[in-house]
Novice: 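Sharing a structure with you now.
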Amino acid sequence: MLEHYNLARRYKRRFPVLFPSYYPTRYHVRTTHILRTSQSAASFMFGLFEDMGPLDQTSTRTNLSGDGFQPVGVEMESADEDTLLRFMDNCPAYTDSPITVNHNSEAAKLQKSQHYEKLVLEPLSELVGFSLTVEDAEGLYDLCTFEHVSPTESNNSSFCDLMPRSALALLDYSRDLSRYYESSYPNKLGYELSCVLLQDVLKQFEGEEHTTALRFAHSESIVPLVTLLGINKDTDTVYTWDKQEFWNRTTKMSEIDPFATNIGFVLFKNTSSDEDLIKVFMNEREVKIPACVSDEGCTKSELLKIVQSTEGSCDRSVMCFGTNSSNDDVINPTDNVTSLLSNTEISEEFVDAAIAAKLESENKVLLNYNLFILETGLSGLCIVLIGFIAMNCKKIISDSDGRTGYQKMPFLDS
């Protein structure tokens with residue numbers, strides 16, 4: 001939970017006006033019924049308010065002394081009633097659709113391929129001195145990722161040291177394939193269901209109350225929302241186990257959804273226009289939403305159009321229980337995929353060289369992007385109403401830079 005604590009402190013330093021002294025009508029905090037999300041919320045709130053001192057028994061709504069800690073109220077719905085943060089549950093059209101049921105099929109084909117045998121199983125088996133199964137290799141990958149994000153083990157990861165960079169790249173892609181078909185671009189209904197979260201964002205920005213809304217959920221909640229917003233979308237959204245140059249993909253789940261993933265929406269008053277602007281921050285970095293015209297942010301009407309573009313204009317009864325065609329036109333994983341690499345010789349050196357070239361380009365882009373964010377102010381804008389939605393979930397692989405506190409996996413090191 002240290003990540004959520006530090007995340008709160010970084011957001012508070014960056015947007016101090018977002019996080020004043022606690023009062024119930026100023027903050028709206030909600031989690032799912034799963035224990036770890038309430039723990040994430042508690043860690044985040046501790047990061048916000050730990051310096052407030054002992055319990056304050058004198059503050060009122062009109063007289064906030066700010067001299068003491070106020071207990072934070074947290075809302076949650078039961079498992080069968082939470083259609084906001086666990087919108088994927090209790091939706092037969094999604095859970096029973098072929099693409100959801102078979103979301104692991106492409107990953108399974110990759111794990112049975114000669115490429116996986118040659119670049120993952122053979123080198124790892126040679127290093128440990130006995131034959132490893134797919135389950136063994138995937139388990140080592142989990143141990144590597146846990147070690148890498150551990151505060152005490154990140155600089156001394158024995159499991160990561162076992163793995164060639166090409167093996168880590170294929171293992172990363174194997175995980176991406178499964179999650180991609182479960183929650184991202186190929187699964188249209190899967191990501192359109194997240195429209196309720198965007199509705200919640202717009203609802204929080206109604207009225208004149210200065211409030212901060214915090215939501216704590218799961219990967220299955222945040223990845224569909226990122227997809228609905230069109231963030232990190234590849235031109236070719238069909239991923240197969242044998243896709244050529246898979247390391248060049250834009251939609252990398254390990255980058256979109258690291259440990260303590262968060263997405264923030266901040267509302268600004270535009271002094272040169274009648275329309276307010278909403279800036280979107282993905283893992284603490286401002287991102288451009290393709291459906292929004294301005295580079296400065298999105299208008300409420302533009303985000304509302306995204307909501308209205310979903311099945312039944314975001315009517316859950318239509319999406320989950322009515323006649324639903326959202327997943328009829330998607331490309332389902334099948335067993336009849338033509339191998340794009342059947343005539344290509346893949347070696348560890350080949351994959352390593354390709355990844356290194358890609359990383360050199362990515363590092364330059366990230367550097368320029370960070371400088372732009374740091375140097376660009378809010379000229380022409382003044383803050384009059386601010387809201388914040390933080391979707392936090394527990395995942396292992398991290399990226400980004402020291403400024404935000406995230407870490408890169410070993411195979412992403414330049």
Side-chain angles (χ1 to χ4, degrees), residues 88 99-113 115-116 119-120 134-135 137-146 148-149 160 163-188 190-191 194 218-259 261 282-283 330-334 337 339-341 346 351 354-355 358-359 362 393-400 406-412:
M88 75 296 292
I99 195 168
T100 303
V101 172
N102 299 311
H103 70 274
N104 284 319
S105 63
E106 287 298 320
K109 283 184 280 188
L110 173 61
Q111 292 163 356
K112 295 175 182 177
S113 70
H115 312 311
Y116 194 93
L119 296 179
V120 177
V134 170
E135 290 75 18
E138 298 287 332
L140 284 173
Y141 181 72
D142 286 335
L143 290 171
C144 166
T145 54
F146 273 110
H148 193 66
V149 299
C160 292
M163 298 187 179
R165 189 161 60 176
S166 52
L168 282 165
L170 270 185
L171 287 163
D172 182 50
Y173 188 49
S174 174
R175 297 298 175 86
D176 272 17
L177 281 171
S178 177
R179 298 173 62 206
Y180 187 68
Y181 279 98
E182 181 182 29
S183 303
S184 194
Y185 291 105
N187 199 327
K188 187 178 180 182
Y191 70 78
S194 69
H218 310 274
S219 288
E220 296 83 358
S221 310
I222 198 169
V223 170
L225 177 60
V226 171
T227 304
L228 181 65
L229 292 171
I231 298 172
N232 284 32
K233 183 178 182 180
D234 280 298
T235 303
D236 178 9
T237 59
V238 180
Y239 284 2
T240 57
W241 69 270
D242 54 1
K243 184 172 183 176
Q244 223 165 5
E245 298 186 354
F246 63 86
W247 49 82
N248 282 325
R249 66 193 186 279
T250 299
T251 312
K252 290 184 179 180
M253 296 298 169
S254 52
E255 295 182 1
I256 293 171
D257 183 27
F259 201 60
T261 305
M282 180 69 194
N283 292 328
V330 299
I331 299 179
N332 291 326
T334 68
V337 179
S339 175
L340 298 174
L341 299 179
I346 297 185
V351 176
I355 294 172
K358 173 65 175 174
L359 286 170
E362 284 182 347
C393 58
K394 186 174 182 180
K395 284 297 162 187
I396 307 307
I397 306 170
S398 300
D399 81 311
S400 196
Y406 293 87
Q407 296 175 320
K408 289 187 176 221
M409 283 296 294
F411 71 89
L412 295 179

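Keep in mind the model is a prediction, meaning the values are calculated, not measured. Counting begins at 1 with the first residue of the sequence.
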Novice: Could you pull out the closest heavy-atom pair between N283 and E255, with the gap in Å?
Specialist: ND2-O, 3.7 Å
Novice: When you compare the side chain of S221 with that of M88, does any pair of heavy atoms fall below 4.5 Å?
Specialist: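 They are in side-chain contact.
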Novice: Mind checking the CG-CE spacing from L170 to M163? Nearest 0.5 Å is all I need.
Specialist: 12.0 Å
Novice: Any ion pair linking D172 and R249 (charged N to carboxylate O, less than 4.0 Å)?
Specialist: yes
Novice: Nearest 0.5 Å please: distance from the OH atom of Y180 over to the OG1 atom of T251.
Specialist: 5.0 Å
Novice: Applying the side-chain contact (heavy atoms from CB on, under 4.5 Å) test to V223, which of H218, R179, E182 qualifies?
Specialist: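 With V223 as partner, side-chain contact (heavy atoms from CB on, under 4.5 Å) holds for just one option, R179.
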Novice: Would you give the length of the straight line joining atom CD of Q111 to atom CD of E135, rounded to the nearest 0.5 angstrom?
Specialist: 7.5 Å
Novice: Are D176 and K252 side-chain neighbours, meaning at least one heavy-atom pair lies under 4.5 Å?
Specialist: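 Side chain of D176 against side chain of K252, heavy atoms only: contact under 4.5 Å found.
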Novice: How about N187 and T100: do any of their side-chain heavy atoms sit closer than 4.5 Å?
Specialist: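 In short, these two side chains touch, coming nearer than 4.5 Å.
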Novice: Determine the minimum heavy-atom distance between S219 and P224, stating which atoms define it.
Specialist: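 Result for this residue pair: O-CD, 3.8 Å.
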Novice: For the residue pair S184 and T227, what are the closest heavy atoms and their distance?
Specialist: OG-OG1, 3.1 Å
Novice: Please assess N232 against V226 for the test side-chain contact (heavy atoms from CB on, under 4.5 Å), listing each intermediate value before the final yes or no.
Specialist: CA-CA 8 Å; N232 284 32; V226 171; 5.7 Å; no
Novice: Got K112 and V134 here, is their nearest side-chain heavy-atom distance under 4.5 Å?
Specialist: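 SC-SC contact between K112 and V134 ruled out.
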Novice: Taking all atoms of both residues into account, what is the closest heavy-atom pair of M282 and T261, and its distance?
Specialist: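 Result for this residue pair: CE-CG2, 3.9 Å.
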Novice: Which value, rounded to the nearest 0.5 Å, describes the distance between L168 atom CG and L140 atom CG?
Specialist: 10.0 Å
Novice: Pair I231, I256 - check side-chain contact (heavy atoms from CB on, under 4.5 Å), show working.
Specialist: CA-CA 9 Å; I231 298 172; I256 293 171; 5.8 Å; no
Novice: Quick check: closest heavy atoms across A107 and S174, and the distance to 0.1 Å?
Specialist: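 Result for this residue pair: CB-O, 3.5 Å.
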Novice: Any side-chain heavy atom of R175 within less than 4.5 Å of one from Y141?
Specialist: yes
Novice: Ignoring hydrogens and angles, state whether a donor on the side chain of S178 or N104 is under 3.5 Å from an acceptor on the partner side chain.
Specialist: yes
Novice: List the atom of L110, the atom of Y116, and the distance in Å for their closest heavy-atom pair.
Specialist: O-CB, 3.0 Å
Novice: Quick check for you: to the nearest 0.5 Å, what is the distance between N102 atom CG and Y181 atom OH?
Specialist: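 So the CG of N102 and the OH of Y181 are separated by 11.5 Å.
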Novice: Could you tell me whether the side chain of V120 reaches within less than 4.5 Å of the side chain of L171, counting heavy atoms only?
Specialist: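 Yes. Closest side-chain heavy atoms under 4.5 Å.
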Novice: Any chance you could measure L228, atom CG, to Y191, atom OH, to the nearest 0.5 Å?
Specialist: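 Reported to 0.5 Å precision, the distance equals 7.5 Å.
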